[in-house]
J.: 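Got a structure for you, written out below as structure tokens; questions coming shortly.
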There are 2 protein chains.
Amino acid sequence: MGRKRLQESADGRPTVHTVAARAGVSIASASRVLNGVGGSPETIRKVRAAAAEVGYVPNAIARSLQSQRTGLVALAVEDIGNPVYVAMMRAIEAVVASSGRQLVVHATGGRIDNEMTLLRRLANRYVDGMIISPIRVTDDHLGALAGSPVPVVVIGQLGADAPVDNVRTDSRRGVALAVDHLLATGRRRIGFVNGPLDTVPGAARDAGFRAALARHGIHLDEDLVEVGDFQYAAGRAAALRLLARASPDALVCANDLIAVGALHALLAAGRRVPEDVALVGMDDTELAQMMFPQLSSVSLGSAERGRRAAELLLQRIADPTLPPRREQVPPSLAVRASSGTTLPAARPSADPLDGPTAPTPTHPSSEGVTA
Amino acid sequence: MGRKRLQESADGRPTVHTVAARAGVSIASASRVLNGVGGSPETIRKVRAAAAEVGYVPNAIARSLQSQRTGLVALAVEDIGNPVYVAMMRAIEAVVASSGRQLVVHATGGRIDNEMTLLRRLANRYVDGMIISPIRVTDDHLGALAGSPVPVVVIGQLGADAPVDNVRTDSRRGVALAVDHLLATGRRRIGFVNGPLDTVPGAARDAGFRAALARHGIHLDEDLVEVGDFQYAAGRAAALRLLARASPDALVCANDLIAVGALHALLAAGRRVPEDVALVGMDDTELAQMMFPQLSSVSLGSAERGRRAAELLLQRIADPTLPPRREQVPPSLAVRASSGTTLPAARPSADPLDGPTAPTPTHPSSEGVTA
DNA sequence: CCGATCGCTGTAAACGTTTCCGGCGAGTCT
DNA sequence: AGACTCGCCGGAAACGTTTACAGCGATCGG
């Protein structure tokens, strides 16, 4: 007598057929009241009761197949351990959740092939859209992005002509903010610990650093520039290499992980921060504020970029015919203890032991000074 | 002449019908060769060619509906910003990916209602299974877990009789490791900065701390115990409160975020670490090694727990009839600079300035000493 | 040389929803 | 009173796959 099983799913769970049969109505009616559209008071009552009795829960997959949307949005970033991406993710998650969708996170490790695989997989429609923050951009990327069957928005620099929704910041200007600040507080031998130059952010920050120094008419001593990758360990190692051959009085780091590594290297080498060496990180993650002394950091508006990217994506999902849009989030500088003291440039040695002092924030938030 | 569109999906993308028609075979044959099962050399050639020409990519949703599996696995943790969960997630992701599945990450914020919503949503089958690490466990949880229509494994303590796959550690013993180590290195006034007592880990760590002191016959001064939540800011605030009313010579913290907060509080208060106050964190995250001095930390084997949980889950997905299993990962202590010096307990003041020294690691990895 | 076997194929039925469409009874307007 | 609208209902067709089943020609063994 196993013929009535047409009404329930393979594993014995109730389907819309089950509740329809139990309520004595058609599956069409059952589906309608379950979706809250139409139905007479009487059928509504019967269907609701039946659904409750059997513990009916609609099957998300079947619904997706019918509605052509999964309710999922993907986020692809290089390294989920980097707090900047955590911040971005939180912001994205907030707006995505407000549209009733869920976020799927992918860590690409910055590997091009991983990213391409992800982009190709988009074609099978397992998500409604994707936000990707590629660290390197190739022609293959651009092709895949332009030809993507589902909406994609890119966080980060992209070719000017790429017909893709894009939210970016100006990290060249961000580096300039740091350099200006350090020069203004009396630093003269400013070092730079960067990430790989073959990445988009690495190249931009390198260009920004050189341009900023040039603008001030300062000759760049190449011994003061060091490159690793965007991780803590590499930042620490790179800073150690730099310290072994030069003695900067300030260090700009291409992100906060590197800055934390550099701080470690400086303290281990017996340099005081900020008295001997001022330190400025980048991305203004929560990590910067956890350090002692707290790190100055260039905010690239990660949360804001994430929020905007998510909004762009939702808009495009709603209306795929929108023209490609581009948004820009300006950088700002949060000055904290790690660069908070002005060097006694001309001053004779006064206050040799004034220690790390808190900056006087004029920033609306508690984060520091916006330059 | 729009009748041939039966062959392509609503948005004009090719379906199996498209390639079948183009190859001049039935959809069954097309599907077979696309799945690499069966087909004569000639049909294989034709179908492959047709698929390539039209750029066919199978629709994941339709496939899921048919196969009753989505290829997704969910992970629910309290706070994705906590590096311990990042480590766990990386480990899980690795084994999950090796089975061809993808990971969906949810941040619950430790809120019971969020977790219950997640658990209930499981019933709609949008994932093949779930790993959850609840910070508080209620009867509702247990009910939802036991009655879950898809496999679930829990990371963390759970009632002994709960019929749910479970991997745990012994954080009471973890705290004991820290206390033993501090006592052995001459510390006497050991403070404790914990998370909320109404959480499972908070309660366990509190019990562990008290038991460890009792075992050594030490009376616990309640002034040396402080509670916040498991975040950095709360840890820092709690440590400041504690320092304002007591002067410990060592501090055990319920996780690394708290420990980093405490380090900040100690340094800001002018206490030297480890000379004046030794510091031991918990979870042994990468954060512990980023600090200066590097933090000793009790490893609770997060990566290992994640790995095992993922394996349990995959096994259960493969065979849902398995009996509930329980695995335990032992804690260990990584000793680093923040507690690396032995106090000159009886010794007169020798080497007043020996500074933070690196421990001599006997641990197989570079992480420190296993106690 | 004929029946069994085997490899391949196409038809059609699933998977669980949503939704189009025609039917039908009750009301409304003229 | 008849034509019309209107709300509700059920049958059936989607959505795009995989797969059970049956048919069919060729090969093989006796």
Side-chain angles (χ1 to χ4, degrees), chain A residues 2-3 5-47 51 54-71 123-126 128 149, chain B residues 2-3 5-47 51 54-71 123-126 128 149:
Chain A
R3 89 194 67 101
R5 66 179 293 281
L6 287 172
Q7 290 178 6
E8 53 185 28
S9 82
D11 53 357
R13 291 177 39 76
T15 73
V16 97
H17 292 87
T18 322
V19 352
R22 183 152 191 139
V25 300
S26 72
I27 60 163
S29 294
S31 173
R32 274 187 290 254
V33 345
L34 291 171
N35 286 9
V37 33
S40 71
E42 174 62 3
T43 36
I44 290 182
R45 190 192 57 73
K46 286 189 297 186
V47 171
V54 300
Y56 171 75
V57 179
N59 181 312
I61 304 170
R63 192 201 295 262
S64 288
L65 179 58
Q66 165 68 28
S67 65
Q68 303 281 42
R69 30 207 269 20
T70 63
N124 72 14
R125 305 313 195 83
Y126 77 112
D128 293 340
Chain B
R3 91 193 65 102
R5 67 177 292 281
L6 286 173
Q7 290 177 8
E8 53 185 28
S9 83
D11 53 357
R13 292 177 37 76
T15 74
V16 110
H17 292 87
T18 323
V19 353
R22 183 151 191 141
V25 301
S26 72
I27 60 164
S29 292
S31 173
R32 273 187 290 255
V33 346
L34 291 171
N35 287 8
V37 33
S40 73
E42 175 62 3
T43 36
I44 291 182
R45 191 193 56 74
K46 286 189 297 188
V47 171
V54 299
Y56 170 74
V57 179
N59 181 310
I61 304 170
R63 193 200 293 262
S64 288
L65 180 58
Q66 165 68 31
S67 64
Q68 304 279 43
R69 31 212 274 0
T70 63
N124 72 12
R125 305 312 195 81
Y126 77 113
D128 293 341

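Reckoned from all heavy atoms, side chains included, excluding hydrogens, waters and symmetry mates. Letters A, B, ... are given to chains in the order of the sequence lines, protein chains preceding strands, and every chain is numbered from 1. A quick note: this is a predicted structure, and the numbers were derived from the prediction, not measured.
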J.: How bent is the helix from C:dC1-D:dG30 to C:dT30-D:dA1, comparing axes over its five end pairs at each side, to the nearest 10°?
T.: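 The helix from C:dC1-D:dG30 to C:dT30-D:dA1 shows an end-to-end axis angle of 40°.
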J.: Shortest non-hydrogen contact from A:Ala30 to A:Val19?
T.: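 For A:Ala30 and A:Val19, the tightest heavy-atom pair comes out as CB-CG2, 4.2 Å.
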J.: Expressed in angstrom and rounded to an integer, what is the separation of B:Tyr126 atom OH from C:dT17 atom P?
T.: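 Value for this atom pair: 17 Å.
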J.: A:Ser31 side chain N/O closer than 4.0 Å to the phosphate oxygens (OP1, OP2) of C:dT18?
T.: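 Yes, A:Ser31 has a side-chain N/O under 4.0 Å of OP1/OP2 on C:dT18.
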J.: Minimum heavy-atom separation for A:Ala123 and A:Pro149, please, with both atom names.
T.: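 Taking A:Ala123 first and A:Pro149 second, the nearest heavy atoms are CA-CG, 3.4 Å.
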J.: Just to be sure I understand the geometry, which residues of residues 54-65 of chain B put a non-hydrogen atom under 4.0 Å away from DNA chain D?
T.: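 Within this stretch, B:Tyr56, B:Val57, B:Pro58, B:Asn59, B:Ala62, B:Arg63 sit under 4.0 Å of the strand.
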J.: Which nucleotides of nucleotides 4-13 of chain D have their base under 4.0 Å from a protein heavy atom (B), which only their sugar-phosphate (S), and which neither (-), written as one string 5' to 3'?
T.: ----SBBB--
J.: From B:Gln68 CD over to B:Arg125 CZ, what is the distance, rounded to the nearest 0.5 angstrom?
T.: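 Here the interatomic distance stands at 7.0 Å.
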J.: List the atom of A:Asn59, the atom of A:Ile61, and the distance in Å for their closest heavy-atom pair.
T.: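 Scanning both residues completely, I find the closest heavy atoms to be OD1-N, 2.7 Å.
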J.: Using whole Å, what does the distance between atom P of nucleotide C:dT18 and atom NE2 of A:His17 come to?
T.: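 The distance from NE2 of A:His17 to P of C:dT18 comes to 11 Å, rounded to the nearest Å.
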J.: Please list all pairs meeting salt bridge (charged side-chain N to carboxylate O under 4.0 Å, His left out) that have one or both residues in residues 28-41 of chain A, counting only residues at least two apart or in different chains.
T.: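 Applying salt bridge (charged side-chain N to carboxylate O under 4.0 Å, His left out) to every pair that reaches into residues 28-41 of chain A, excluding sequence neighbours, yields nothing.
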J.: Please give, in whole Å, the distance from C:dT18 P to B:Asn124 CG?
T.: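 Whole-Å distance recorded here is 12 Å.
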J.: Which distance, rounded to the nearest 0.5 Å, do you find between the CZ of B:Arg13 and the OG1 of B:Thr18?
T.: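 It comes to 9.5 Å.
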J.: Suppose the criterion is salt bridge (charged side-chain N to carboxylate O under 4.0 Å, His left out): which pairs have a residue in residues 56-69 of chain A, not counting sequence neighbours?
T.: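 Output for this query lists A:Arg69-A:Asp128.
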J.: Please report the closest heavy-atom contact between B:Tyr56 and B:Leu34, naming both atoms and the distance.
T.: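 For B:Tyr56 and B:Leu34, the tightest heavy-atom pair comes out as CE2-CD1, 3.4 Å.
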J.: Rounding to an integer number of Å, can you tell me how far B:Leu34 CG sits from D:dG16 P?
T.: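 In whole Å, D:dG16 P lies 15 Å from B:Leu34 CG.
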J.: Can you list every pair that meets side chain to side chain donor-acceptor pair (under 3.5 Å) and has a residue in residues 33-44 of chain A, with sequence neighbours left out?
T.: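 Every side chain to side chain donor-acceptor pair (under 3.5 Å) pair that includes a residue of residues 33-44 of chain A, provided the two are not neighbours, is A:Ser40-A:Thr43, A:Glu42-A:Arg45.
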J.: Heavy atoms only: give me the nearest B:Gly39-B:Ile44 pair and the separation to one decimal.
T.: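 Closest approach of B:Gly39 to B:Ile44: O-CD1, 3.5 Å.
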J.: Is the side chain of B:Ser64 donor-acceptor paired with the backbone N or O of B:Ala60 at a distance under 3.5 Å, no angle test?
T.: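 Judged by distance alone, yes, a pair lies under 3.5 Å.
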J.: Below the 4.0 Å mark, does D:dT18 have OP1 or OP2 next to a side-chain nitrogen or oxygen of B:Gln68?
T.: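 Result: no.
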